Amino acid sequence: MSIEFAPLNVPLRRRLQTAAVLQWMFSFLALAQCCLAAFVLLALSEWWTLAVLYAGWLWLDWDTPTNGGRRSHWVRSWRLWEYFREYFPITLVKTVDLDLNKNYIFGFHPHGVLVAGAFGNFCTEATGFSQLFPGLRPHLLMLPFWFRIPFFRDYIMCGGLVSSSKSSLSCLVSRPEGGNVAVIAVGGAPESLEARPGALTLQLLNRKGFIKLALKHGAQLVPVFSFGENELFDQVENPAGSPLRTFQNRLQTIMGVALPLFHARGIFQYSFGLMPYRKPIHTVVGKPIPVEQTPSPSSYDIDALHEVYLQSLTEVFEQHKHNYGLKEHQHLKFI
């Protein structure tokens with residue numbers, strides 16, 4: 001296989017963009033393990049008292065990820081995230097104004113391999129969320145076990161990440177003052193195993209937990225489709241029923257996380273590696289679906305609202321797909 005190397009005269013700004021995405025990849029794939037190792041080494045060193053003090057702080061702060069988190073506007077506004085946005089680039093598309101006195105659940109689709117669009121749009125200010133939706137506070141939901149890792153939990157909460165537990169989501173969307181946005185990658189880990197260029201399959205038919213909570217708390221549902229999310233990485237073929245897919249499904253059942261075997265380009269060459277391709281991401285925020293608060297929703301209530309949500313998401317996709325390079329015959333598939 002021939003290797004296509006990057007030219008030596010790449011502009012500095014593009015190198016900074018690559019460095020920003022490399023940092024993000026490291027944070028996503030290895031920072032948690034490094035933070036855990038650092039805590040263990042600290043506990044075994046002569047500075048063990050610092051580890052004890054942090055453990056005490058961790059005990060006192062244990063519930064923060066389920067009580068709205070602890071965001072930092074300073075971290076969300078780092079210049080680093082501007083370079084991250086420019087690498088792809090990422091664009092946040094607003095279709096309607098949102099009432100800042102209401103709470104919202106944004107259903108983000110598709111999950112992709114590493115939810116780059118969700119991170120760039122809702123965990124940073126690089127795409128101008130606060131300017132487009134003044135008064136609203138976005139929170140991206142993430143698996144609870146990540147918030148048990150020392151130091152790492154504090155870093156990710158700075159971006160607005162919170163636990164994806166039911167109590168965490170309920171805490172956000174039940175606040176009477178409104179203005180909270182809970183962003184959920186609805187397809188979750190299983191959908192990441194479907195993520196590859198051209199894929200339009202969404203794990204959604206049996207995903208109704210967020211619908212039930214929206215009804216219970218009267219939160220408005222907003223379908224969000226991120227065009228280009230699945231174009232960032234190739235993935236080793238893993239059709240349903242194959243040994244690899246069977247292993248991945250079993251691992252996901254046991255650990256709660258998926259293991260997509262993805263690849264794309266490298267840092268200094270374009271032929272192989274784990275860096276994402278430079279493909280544009282356009283994240284379209286659709287119109288809110290009015291939801292009447294129903295403290296004890298029935299199965300009929302949940303199914304009816306779920307069907308409305310599927311229709312609304314399909315409308316967002318169909319109305320905007322031509323703007324972002326998709327053809328008339330390309331449609332969403334729900335499984």
Side-chain angles (χ1 to χ4, degrees), residues 21 23-25 27-29 31-32 64-78 80-81 84-85 88 90-94 98 103-130 132-133 136-149 152-173 175 179-189 191-192 195 203 207 209-210 213-214 219-226 229 232 256-258 281 283-286:
V21 173
Q23 175 273 150
W24 172 73
M25 291 290 295
S27 298
F28 202 103
L29 300 177
L31 183 59
T64 298
T66 61
N67 290 324
R70 185 172 50 249
R71 64 203 292 113
S72 166
H73 181 74
W74 176 67
V75 173
R76 289 173 55 88
S77 301
W78 280 350
L80 172 75
W81 306 130
F84 175 83
R85 170 184 58 82
F88 299 96
I90 303 174
T91 305
L92 183 61
V93 181
K94 172 184 175 180
L98 298 180
N103 294 312
Y104 299 89
I105 296 178
F106 282 15
F108 182 87
H109 312 272
H111 183 285
V113 172
L114 298 179
V115 286
F119 177 86
N121 286 303
F122 305 117
C123 296
T124 81
E125 291 296 331
T127 58
F129 182 92
S130 294
L132 290 173
F133 301 101
L136 296 182
R137 298 173 296 277
H139 304 79
L140 180 62
L141 275 64
M142 192 174 185
L143 290 173
F145 78 85
W146 292 114
F147 296 93
R148 299 167 188 163
I149 300 174
F152 182 73
R153 67 188 295 277
D154 302 292
Y155 174 60
I156 60 178
M157 277 196 291
C158 287
L161 285 152
V162 296
S163 170
S164 59
S165 65
K166 290 181 180 179
S167 60
S168 176
L169 178 56
S170 296
C171 176
L172 289 174
V173 300
R175 293 182 175 177
N180 286 299
V181 176
V183 184
I184 307 174
V186 180
E191 194 172 277
S192 68
Q203 296 260 354
R207 304 278 174 151
F210 73 108
L213 285 174
Q220 309 296 289
L221 282 169
V222 179
V224 178
F225 196 87
S226 194
E229 195 74 35
L232 305 183
V257 296
I281 301 172
T283 303
V284 180
V285 179

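Count residues from 1 along the sequence. Since this is a predicted model, take the numbers as computed values, not measurements.
Looking only at side-chain heavy atoms (C-beta outward), I156 and L31 stay at 4.5 Å or farther from each other. Proximity of L232 to I281: side-chain heavy atoms (C-beta onward) are separated by under 4.5 Å at one or more points. I184 is not listed as a side-chain neighbour of S164, based on a closest heavy-atom distance of 4.5 Å or more. Side chains of V224 and N121 form no contact here, defined as non-hydrogen atoms less than 4.5 Å apart. Side-chain contact between N180 and R137 is present, with heavy atoms from C-beta onward closer than 4.5 Å. When side chains are defined from C-beta on, F225 counts as touching P110, because their heavy atoms get closer than 4.5 Å.
Put simply, the side chain of R71 never gets that close to the backbone of C158: no donor and acceptor are under 3.5 Å apart. Under the 3.5 Å distance criterion, the side-chain polar atoms of R207 are matched with a main-chain donor or acceptor of G187. Distance alone, capped at 3.5 Å, is enough to place a donor-acceptor pair between the R76 side chain and the F122 backbone.
Smallest separation of non-hydrogen atoms from A118 and L140: CB-CD1, 4.0 Å. Nearest approach of S165 to P144, heavy atoms of both residues: N-CG, 4.2 Å. Residue A185 comes nearest to H111 through the heavy atom pair CB-CD2, 3.7 Å, listed as atom of the first residue, atom of the second, then distance. Taking both residues in full, the closest heavy atoms of A182 and L169 are given as CB-CD1, 3.4 Å, listed atom of the first, atom of the second, then distance. In terms of heavy-atom proximity, M157 sits nearest to F147 at CG-CE2, 3.8 Å. For S226 against F108, the heavy-atom pair with the smallest separation is CB-CZ, 3.4 Å.
Aromatic ring orientation, F133 versus F129: tilted (interplanar angle from 30° to 60°). Using the six-membered ring where Trp is involved, W24 and F119 have ring planes that are tilted, between 30° and 60° apart.
Y104 contributes atom OH, which lies 4.5 Å from atom CG of L98 (distance to the nearest 0.5 angstrom). One finds the CG atom of N67 at 7.5 Å from the OG atom of S167 (value rounded to the nearest 0.5 Å). The CG atom of L80 lies 9.5 Å from the OG1 atom of T124; values are rounded to the nearest 0.5 Å. Here the CZ-CG distance, from F210 to L221, works out to 6.0 Å after rounding to the nearest 0.5 Å. Atoms CD and CD, on E229 and E191 in that order, are 10.0 Å from each other to the nearest 0.5 Å. A distance of 4.5 Å separates CD of Q23 from CH2 of W81, quoted to the nearest 0.5 Å.
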>> I'd like to know whether I90 forms a side-chain contact (heavy atoms from CB on, under 4.5 Å) with R85, so could you lay out the CA-CA distance, the side-chain angles of the two residues, the decisive distance to 0.1 Å, and finally the verdict.
In response: CA-CA 5 Å; I90 303 174; R85 170 184 58 82; 4.2 Å; yes
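Under 3.5 Å, the side chains of S168 and T66 contain no donor-acceptor pair of N or O atoms.
When the ring pair (Phe, Tyr, Trp, His ring centres under 6.0 Å) test is applied to H109, the partners found at least two apart in sequence or on another chain are Y309.
Tested against H139, the residues L172, V181, V183 include a single side-chain contact (heavy atoms from CB on, under 4.5 Å) partner, L172. With M142 as the fixed residue, the side-chain contact (heavy atoms from CB on, under 4.5 Å) test singles out one of V162, V115, L161: L161.
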